[in-house]
Amino acid sequence: MHKIADHLTKVRQRIAHACQNCQRSTDDVLLLAVSKTKPSDAIRNAHSNGQNDFGENYLQEALDKQEQLSDLSLNWHFIGPIQSNKTRSISSHFDWVHSVDRLKIAQRLNDQRPDSLPKLNICLQVNLDDEASKSGFVLADLESAAEQITQLPRLELRGLMAIPAKCNGFSAQLKSLQRLQQAFTQLNQKGYKLDTLSMGMSNDLEAAIAAGSTMVRVGTDIFGAREPNTNPKTTD
Ligand SMILES: *Cc1c(COP(=O)(O)O)cnc(C)c1O
């Protein structure tokens, strides 16, 4: 477990170095620690080393950990696939949802966000490479989605999120991530006030920062590899 502190230090150094290389301020890139499949003790450990934002993919698993960590003040980000029968719980237990992938989900999160809580921060998930296996808006539909979602009073549209198709090498990664950056810039030119570009994971955080990422979502390089067969997807 003491490794988490070292891993966090290394990831923060990578972020600082990547920012330096493109003359950005480290303050403009938030590190989201992706804790899916990892126990609440790992989160507690990361928090004691200065980490406040955590990303989770599986609702029931996240709720269990939130309960175990209710003595801490953490920011919770939902980043996994969303089934519509889970929106009520997601809208009341998270500060952010990065994986809004269709209008119906946005509408439900809006309608179900408790009045006692501030607006729910959301990102639209973009299917950058038109992959059948991935959810998300295609680039061509983004503007009309943004137009409709900004009308919803209980949501705050903050930006865009993507999980690009796997590719290796800085320049190939950069090229793909820049397509999300371009969509982000275009929406802002149309008058949307987006401030969040949620992209970059353990393998491509340098390229993501070069492409303007403001939030990198790092799991493996903080908490270690995930066991493929302990993936609790089926219990969600
Ligand atoms: C698991 C996951 C991550 C973290 O990926 P790593 O490669 O482990 O850093 C980031 N974003 C999303 C949406 C994920 O599901």
Side-chain angles (χ1 to χ4, degrees), residues 3-4 6-15 18 29-39 42-43 45-46 51-62 65 74-83 86 90 94-102 105 109 121-129 131 133-137 158-170 172-173 176-177 180-181 184 196-236:
K3 280 196 178 144
I4 290 175
D6 295 346
H7 290 173
L8 269 173
T9 303
K10 281 195 189 115
V11 169
R12 290 186 186 124
Q13 283 167 350
R14 281 173 64 192
I15 293 171
V29 181
L30 183 80
L31 173 59
L32 180 58
V34 177
S35 42
K36 63 180 175 215
T37 80
K38 301 296 177 183
I43 296 175
N45 184 331
Q51 181 64 33
N52 293 313
D53 287 81
F54 293 89
E56 289 281 344
N57 293 55
Y58 310 110
L59 179 61
Q60 191 52 53
E61 180 197 336
K65 289 187 235 178
L74 304 176
N75 302 319
W76 292 99
H77 300 243
F78 193 82
I79 64 172
I82 305 176
Q83 293 165 272
K86 302 286 163 61
I90 291 172
F94 288 83
D95 304 293
W96 283 75
V97 178
H98 293 231
S99 43
V100 174
D101 61 350
R102 50 203 197 278
I105 293 296
L109 290 170
N121 296 298
I122 65 156
C123 292
L124 303 184
Q125 183 170 349
V126 180
N127 189 347
L128 261 189
D129 304 289
E131 291 174 280
S133 62
K134 279 192 192 139
S135 47
F137 294 95
R158 299 292 297 269
L160 304 179
M161 179 276 237
I163 311 168
K166 279 226 162 53
C167 58
N168 291 316
F170 182 87
Q173 291 172 347
S176 160
L177 295 158
L180 191 69
Q181 180 183 36
F184 177 79
T196 302
L197 201 42
S198 168
M199 61 185 191
M201 317 201 300
S202 293
N203 282 323
D204 63 354
L205 78 84
E206 283 82 3
I209 288 172
S213 172
T214 66
M215 229 191 262
V216 290
R217 310 179 309 264
V218 179
T220 308
D221 285 0
I222 295 174
F223 296 111
R226 293 176 290 273
E227 309 266 342
N229 51 5
T230 59
N231 184 323
K233 205 177 291 186
T234 49
T235 63
D236 198 38

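Indexing begins at 1, ligand by ligand and atom by atom, following the structure's order. For the single chain, residues carry numbers from 1 onward in sequence order.
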Contact atoms of ligand 1, heavy-atom distance to [X] under 4.0 Å:
| X | answer |
| --- | --- |
| Ile163 | 13 (C) |
| Asn57 | 14 (C), 15 (O) |
| Ile79 | 11 (N), 12 (C), 13 (C), 14 (C) |
| Val218 | 9 (O) |
| Thr220 | 6 (P), 7 (O), 8 (O), 9 (O) |

Note the single closest protein heavy atom to [atom], along with its residue, its atom name and the distance in Å.
| atom | value |
| --- | --- |
| atom 11 (N) of ligand 1 | Arg217 NE, 2.9 Å |
| atom 9 (O) of ligand 1 | Ser202 OG, 2.5 Å |
| atom 2 (C) of ligand 1 | Lys36 NZ, 2.6 Å |
| atom 10 (C) of ligand 1 | Met201 SD, 3.2 Å |

Minimum-distance pair of heavy atoms, taken over all atoms of [X] and [Y]:
| X | Y | answer |
| --- | --- | --- |
| Met161 | Leu180 | C-CD2, 4.1 Å |
| Leu128 | Ser176 | CD1-O, 3.4 Å |
| Ser35 | Ile43 | OG-CD1, 3.5 Å |
| Trp76 | Glu56 | CZ3-CG, 3.8 Å |
| Tyr58 | Lys36 | CE1-CB, 4.1 Å |
| Ile163 | Met201 | CG2-CE, 4.0 Å |

_Out of the candidates Leu205, Asn52, Leu8, only one should pair with Leu31 under the side chain to side chain contact (heavy atoms under 4.5 Å, CB included) rule; please name it._
Leu8
*Does any N/O atom on Gly219 come nearer than 3.5 Å to any N/O atom on ligand 1?*
yes
*Could you establish whether His98 and ligand 1 come within less than 4.0 Å of each other, counting only heavy atoms on the residue side?*
no
*Mind checking ring pair (Phe, Tyr, Trp, His ring centres under 6.0 Å) for Phe54 and listing every partner two or more places apart, or none if nothing turns up?*
none
